[in-house]
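For reference, the structure is listed below as structure tokens.
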Amino acid sequence: NAGVTQTPKFQVLKTGQSMTLQCAQDMNHNSMYWYRQDPGMGLRLIYYSASEGTTDKGEVPNGYNVSRLNKREFSLRLESAAPSQTSVYFCATEDGPNTGELFFGEGSRLTVL
Amino acid sequence: AQTVTQSQPEMSVQEAETVTLSCTYDTSESDYYLFWYKQPPSRQMILVIRQEAYKQQNATENRFSVNFQKAAKSFSLKISDSQLGDAAMYFCASSTGNQFYFGTGTSLTVIP
């Protein structure tokens, strides 16, 4: 029973490098989210996708792009990584708007040197 | 936009005792949800309890209960009979539609 799977779990990048964080869910949920978690700041929404084929910006979208490849997968791309993007990234899903419960992946720790 | 404030960065409780974590929020929406999420050291966030704003009755889940004061925009979490496994970071959150807003978290230590 996988739920929400994120890869990779850990990554170290140099400034300027690019990478993609992958998120896949087997829960058949419509909505998917990408958050970043920084010490003392809680979780901040980067992008979300209310349904397959749609994406919307969240609170902190600059420096990121997303793709909702299909209902199962929602990827987050850093085109040119910066040290300010060092963070723990969480993917989450929700069955539909306003159902009220997010299901989270285990997180991906990204360090940008 | 909504804001969620957790004014207690750290709390501690003796095993088997009761602890209350505080949360206040600010929203102009009439229809919203409130949540408490738990993040243990393993990092994965899990839902502890959920409250629909239109319901006056406080939500309860076993040893976890909330005190929802809508007029005061307060949403505290009470953990009864605390256990070692309750040690974690606890996040208060609110949501409307696809928008979830999280507080900065309270780190709970359970003392044996």
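Here is the naming used below: chain letters follow the sequence lines, and residue numbers restart at 1 for every chain. FYI, side chains are in, hydrogens and waters are out, and symmetry mates aren't considered; it's all heavy atoms of this structure.
- Listed by sequence position, B/F102, B/G103, B/T104 are the residues of residues 102-112 of chain B in contact with chain A, using a 4.5 angstrom heavy-atom cutoff.
- If you measure heavy-atom distances from B/Q39 to chain A, the contacts under 4.5 Å come from the side chain alone.
- For chain B, the nearby parts of A/R109 are the backbone and the side chain; heavy atoms of each come within less than 4.5 Å.
- Residues passing the side chain to side chain contact (heavy atoms under 4.5 Å, CB included) test with A/D56, sequence neighbours excluded: A/Y48.
- Under the 4.5 Å side-chain heavy-atom criterion for Ile, Leu, Val, Met, Phe, Trp and Tyr, B/Y90 and B/F68 are members of the same hydrophobic cluster.
- Of the listed residues A/G40, A/G58, A/A92, A/G42, the one with more heavy-atom pairs under 4.5 angstrom with chain B than any other is A/G42.
- Both the backbone and the side chain of A/L43 come within less than 4.5 Å of a heavy atom of chain B.
- Residues forming a salt bridge (Lys or Arg N to Asp or Glu O under 4.0 Å) with A/K9 (at least two apart in sequence, or on another chain): A/E106.
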Exercise for review: Report the C-alpha distance between B/F100 and A/Y35 in whole Å, list the side-chain angles of each, state the deciding distance to 0.1 Å, and finish with yes or no for ring pair (Phe, Tyr, Trp, His ring centres under 6.0 Å).
Suggested key: CA-CA 10 Å; B/F100 283 76; A/Y35 287 91; 7.3 Å; no

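- Tested against B/Y25, the residues B/Y32, B/Y101, B/F75 include a single ring pair (Phe, Tyr, Trp, His ring centres under 6.0 Å) partner, B/Y32.
- Test B/T5, B/T3, B/D26 against B/K73 for side chain to side chain donor-acceptor pair (under 3.5 Å) and you get one pass: B/D26.
- With sequence neighbours left out, the side chain to side chain contact (heavy atoms under 4.5 Å, CB included) criterion links A/Q6 to A/W34, A/F90, A/C91, A/S108.
- Formation of a donor-acceptor pair under 3.5 Å by the B/S80 side chain with backbone atoms of B/T18 is not found in this model.
- Of the atoms belonging to A/Q37, it is side-chain heavy atoms, and not backbone ones, that fall under 4.5 Å from chain B.
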